[in-house]
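Heavy-atom basis, side chains included; hydrogens, waters and symmetry copies ignored. So you know, we letter chains A, B, ... as the sequences are listed, proteins then strands, and number each from 1.
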Amino acid sequence: MSETDADGGAAGPAEAEIPEDATAPEIDEPEAQDSEVEESAKTTPRSLPLRVQNLHKEFGGITAVDGATFSVEAESLTGLIGPNGAGKSTTFNCITGVHRPTSGHVYFRDEDITGLAPHEIAQRGLVRTFQIARELEEMTVMENMMLAPRGQVGESLVRSVTPGLRGSVVEQETELRERAWETLDLFEIDHLAGEYAGNLSGGQRKLLEMARVLMTDPEMVLLDEPLAGVNPTLEEKLLERVHELRGEGYTFLLVEHDMDVIMENCEHVIVMHQGRVLAEGGPDEIRSNEQVIEAYLGENV
Amino acid sequence: MSDDVRGVPDRVVDLFEGNDPLLIVGTMLGIYVLLTAAAVAVGFDLNGIVNTLRAATVFAAGYGMLVLALNLHWGYTGLFNIGVAGFMAVGTYVTAMLSAAPSSSPPGLGLPLPVAILGGMAAAAIVGLLTALPALRLRADYLAIVTVALSEMIRLFVKSRIAQEFTVAGVTLGTGGGRGINYPSPQTIVTGLLVKEPRSPGSEPTAFGEAVFGAAESVGISESVVSGLFYLVLLLVFTGAFYWLLVRIANSPFGRVLKAIREDELVASSLGKDTRLFKLKVFAVGCALMGLGGYLWIGRSGYVNDLSFRPNITFFVFIALIIGGAGSNTGSILGGMVFSALLFYFPQFVSQNLGGGSAPDSFAAALGSAGDLFAYAVANVSSLRFVAIGILLVYLMQNRPEGILGHRKEDAASVDLLERGSGRRPAADGGRPPDSGGESDE
């Protein structure tokens, strides 16, 4: 459907920023956030979508992130672990635009996204969840789902209001609604569709949060401790979904506190300690890494 | 809610539930019945009764417009704008200055009314934007402080001697300062149908006007009441247009983002919404509507001064929205009606027409007997209504903070969200384990 600029000014993405890399044309433009994204997402090859280079973040005199450098491979499930205070969350917030890094760079699909606003980063397909599930409580589950998709024509005030222009809005809404139902089915919370998100249990909120992120049709998902405070049954279910989706070509970066979860599920593990990347590699490699053991034991004992 | 204990109140609720036009019309008719009874009780003739109902409806329509505009800001987007009076003043004064005749004092530009009205709305929107640009970066409570201060600044500026009469690029304009400003009343838009020269009093009626006045005369309704009724129709049309616009916004992806901003702005931006832009747009649109509403309602007589735009009007509009239910457009209309016609106008009517006479003139003197106390209360109901409104507000905050209709689920979408293309209803899926979502563990 809509080939026009879907945002109609409402969410005008990419202040005409030209990606500095010459490989840009093979990547679909951030402007093309229509339903095309759905198609191109399946065909566009992905390599190293996320690269973090020498990231520093200071709060006053405290250095939270001290030169972190790592990258995330396409279609991988990468784990980011570290003891409390290792700088995981701050790194996350720097990547997603919540914090502006003191120095260093974040590249997403070869575009420098350092210091962009959260919405600009999300519009590029790098979407996050929150550690404490942040539902829009006085909106229904379905409204939460329908909010998420990028490039909604109806987010333009003029198009939403003017008689005669609303046809495309309704058409897109109908499409998105189907996708929302399918996603709710996938997460087995479809029976809650009409419920206020605020009435959901903690676990259901985690499911909704994941489902909602998927509705944005992301290139890559950053999961901030999605398993915190989740019972074992649900934990299994959530991980199952993540594995399924990774199989479909999504890229995940998972921040977790729980070492076992990361070791059992991620093929690539990044260990942070005191604001730096301490080690990187496969789970077995990490498990036998002296420095990692020390960092974790050093904290616990 | 079990079916076997349903009484009459429940059935009444059922009748009105989900039928918004009936709810609005029903409430208004209820208010009419009460007012008619009161008017008959004080011995009004038909002309008086019709005029009473007209005045109450003008109140309801005026508040309806403003409450709807505020609902867009506060109910939908969570923007705590307590400068409603200021934006009303900008809309009213700019429209007045653009449309006032160059020969009047203070002089205006003498532009045609539709142009002047659009100019007034644009000015209110621009002032709104200028406020919002810095203030929307701040937390919600700071927006409140900025807007309430701005609204007083606007009023004091309008009243000041600098603004009374000034010359810009060779054109002399003015707000009239404390003396107020005269300008062509918006009533001339409709009274043009009835009289040949709507801008000059005592003008000859048109052929249509002659017929209407004649018909009204025969049942004892005066010409001025008829003109008032015509203007009322215009007000109702505008109120309807406001309502339509707001419902339209509410049932759209745009409205969905607004709700998301109200709930959690960081989530909205993390999902790729440029929340600042949305807030700016909404602020401008709401302010333009406040400007228009202010002109059509407060400015309807063709004369205003700064006293009409004191902050209390802002708080009245807020109370009306709280009564009706923030976030609901039908609730906004109902809140506007209940507050203005029932809680505001009706007590005033009572005290004007029933008060006086033998009522004691101080509270202490009224304590003598129950009859004295009652007479005193009736005579002072105009002031006491604020006590009543305050009590109502406290009650609502404690027992029904969502107002009359704020509890309703009004999905922000342009399609029915619970419908599925496949025809499968989700609730029919019984195979769901009861613990599917995990326990509430937070």
Non-hydrogen atoms of chain B under 4.5 Å away: do they reach the side chain of [X], the backbone, both or neither?
{"X": "Y196(A)", "answer": "both"}
{"X": "A148(A)", "answer": "both"}
{"X": "P163(A)", "answer": "both"}

For chain A, which of V285(B), L258(B), V282(B), D264(B) has the most heavy-atom pairs under 4.5 Å?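 Answer, by heavy-atom pair count under 4.5 Å with chain A: D264(B).
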Ranking L266(B), T275(B), L245(B) by heavy-atom pairs under 4.5 Å to chain A gives rank one to L266(B)
Using non-hydrogen atoms only, which part of R262(B) is less than 4.5 Å away from chain A: side chain, backbone, both, or neither? side chain
Using a cut-off of under 4.5 Å for heavy-atom pairs, which of [options] has the most such pairs with chain B?
{"options": "M215(A), M146(A), E235(A)", "result": "M146(A)"}
{"options": "R128(A), E138(A), E135(A)", "result": "E138(A)"}
{"options": "G125(A), P118(A), A117(A), S160(A)", "result": "S160(A)"}

Knowing that exactly one of L253(A), L254(A), L223(A) qualifies, which makes a side chain to side chain contact (heavy atoms under 4.5 Å, CB included) with L80(A)? L253(A)
Check this for me, if you would: do E182(A) and R179(A) make a salt bridge, where the nitrogen-to-carboxylate-oxygen distance has to be below 4.0 angstrom? no
Mind running side chain to side chain contact (heavy atoms under 4.5 Å, CB included) on T239(B) and I333(B) for me, showing each step along the way? CA-CA 9 Å; T239(B) 311; I333(B) 297 272; 3.9 Å; yes
